[in-house]
Amino acid sequence: MTKIAIASIISLLIFVAGCGTVGLTAPDGYAKRKSWHYDYMAVSTDANVISLRLQENEDEEKGTLDFWTEATRKHLTLSRGYEAKDEGTFKTELGPGRYLVMVKEHKGVEHLYVVGLVVTGDTIYVMEGGGEKGAMETEVPKMVAAFGTLK
Amino acid sequence: MRWKWLLLAVAGWMVVGCASAAEYRPQGPGEYAEYPSPAKPLAVMSPAPQVVGGELFEEEVRKKEDTGLVKAGDKASPSSVAGDKGGQAGASVVRKIIYTAWFTVDVYDVEAAGKKLAEYATGAGGYVQAVSGPVLVLRIPAEKFEEVEPLLKKMGRVDDALTRIQAQDVTEEYFDVELRLQVKKKYLESLYKLLETSGKLEEKLAVQKEIARVVEEVERLEGRLRLLANQISLATVTVTLRVATSGSKRTFRLPWDWLDGLGLEMLVP
């Protein structure tokens with residue numbers, strides 16, 4: 001009985017520890033910030049933001065990475081007024097990812113926005129980065145590299 | 001009247017000499033099949049006095065067409081047309097193709113999209129030919145024609161039902177006009193020489209009249225050739241921009257609410 005209890009506690013601890021490691025490593029120069037909307041968020045002194053959000057892949061027919069990338073692209077360009085600038089792929093410990101770079105005027109200033117997606121069965125990992133275009137131009141590759149640290 | 005026949009006979013003889021010298025020469029090796037020289041001198045082909053106003057040359061041109069100067073080949077891509085450097089020896093003719101396309105695109109911001117398209121056109125080496133409200137007529141270098149549709153798809157939703165892409169093969173017409181022009185120019189040269197050697201006033205007047213007629217024809221052919229060359233080198237792309245949220249037939253909406261949580265609005269303070 002004691003052995004079973006110990007094994008259960010160890011399993012629980014491992015599970016909890018595993019849950020706790022979900023996240024990504026922001027590029028240098030970012031400080032983590034609490035947010036109710038994001039599972040992880042970090043901000044630079046240039047006001048560039050990088051974030052992670054976990055979304056349930058809820059439908060019975062689970063959407064693939066390609067499906068959600070296309071849905072995200074169409075949603076942002078056709079419903080939200082974003083303009084696609086670039087796209088690409090990256091790798092993470094959880095699987096392959098795809099990212100889209102977009103541009104949009106936000107509060108009167110042109111901004112760059114990058115969104116990365118990784119899909120693993122029931123979970124869609126949504127990573128976002130954004131900031132004013134001038135400050136973001138050099139940050140986009142760093143953010144995509146940070147998306148690759150997802151684990 | 002006798003001098004007139006003599007004059008025309010001399011002109012005709014010079015024309016034969018010119019015609020053989022005015023063989024169509026390829027810009028690159030093997031651009032087309034070998035072009036045969038006229039087989040017979042004018043004097044044998046027809047009585048010289050029947051040659052009036054350079055019509056003989058038109059007949060010669062027609063004969064050259066029949067020899068298959070312009071060979072049919074596979075449809076070329078815009079890039080190969082634009083390159084236009086001639087193919088390998090023995091290869092088929094480089095096709096001359098005019099590309100024209102019409103797209104209708106739903107975008108969020110029509111003004112910004114129009115500005116982007118204009119910037120793309122000029123950046124690509126083309127220009128904006130016309131703007132009428134949300135309709136832009138762009139001239140894009142033919143070798144970059146294939147870039148346009150992917151670009152528009154990045155900007156918004158391309159309405160496939162209204163998309164039309166047309167490739168008009170004008171190879172035959174292009175070479176035909178070019179050949180006619182060369183022959184006419186040679187004929188003109190011979191007329192100028194004739195004018196110098198003509199003694200009598202009546203002869204000079206007759207030659208000058210013919211020169212005026214041929215010059216007019218040369219200018220017309222040059223204009224046509226310029227137009228064709230322009231249309232071949234620059235594709236014409238007409239883009240109609242519609243507002244995605246209100247101008248299109250439906251407002252784009254996907255049924256997953258979490259997508260609404262994406263974007264700068266939530267992310268950037």
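All chains are named by letter (A, B, ...) in the order of the sequence lines, taking the proteins before the strands, and each is independently numbered beginning at 1. Everything quoted here is computed from the prediction, not taken from an experiment.
- Summarising the geometry, atom OG1 belonging to Thr72(A) is positioned 4.5 Å from atom CH2 belonging to Trp258(B); distances are rounded to the nearest 0.5 Å.
- In this structure, CG on Leu259(B) lies 9.0 Å from OG on Ser79(A), to the nearest 0.5 angstrom.
- Pairing each heavy atom of Asp106(B) with each of Leu78(A), the nearest pair is O-CD2, 4.0 Å.
- With respect to the salt-bridge test (charged N to carboxylate O, under 4.0 angstrom), the residues Lys107(A) and Glu265(B) do not qualify.
- Contact of the Tyr38(A) side chain with the Met266(B) side chain is registered, since non-hydrogen atoms from C-beta on lie closer than 4.5 Å.
- Between the CG atom of Leu262(B) and the CZ atom of Arg80(A) there is a distance of 7.0 Å, given to the nearest 0.5 Å.
- Lys116(B) touches chain A through its side chain: at least one heavy atom from C-beta onward sits under 4.5 Å away, while N, CA, C and O do not.
- At distances below 3.5 Å, not a single donor-acceptor pair connects side-chain atoms of Arg157(B) with backbone N or O atoms of Thr77(A).
- Closest approach of Leu264(B) and His111(A) over heavy atoms only: CD1-CB, 3.4 Å.
- Atom CD1 of Ile50(A) is separated from atom CG of Leu267(B) by 9.5 Å, given to the nearest 0.5 angstrom.
- Heavy-atom minimum distance, Val268(B) versus Val49(A): CA-CG2, 4.5 Å.
- Only the side chain of Leu254(B) comes within contact range of chain A, judged by heavy atoms closer than 4.5 Å.
- For Met102(A), no part sits under 4.5 Å from any heavy atom of chain B, backbone or side chain.
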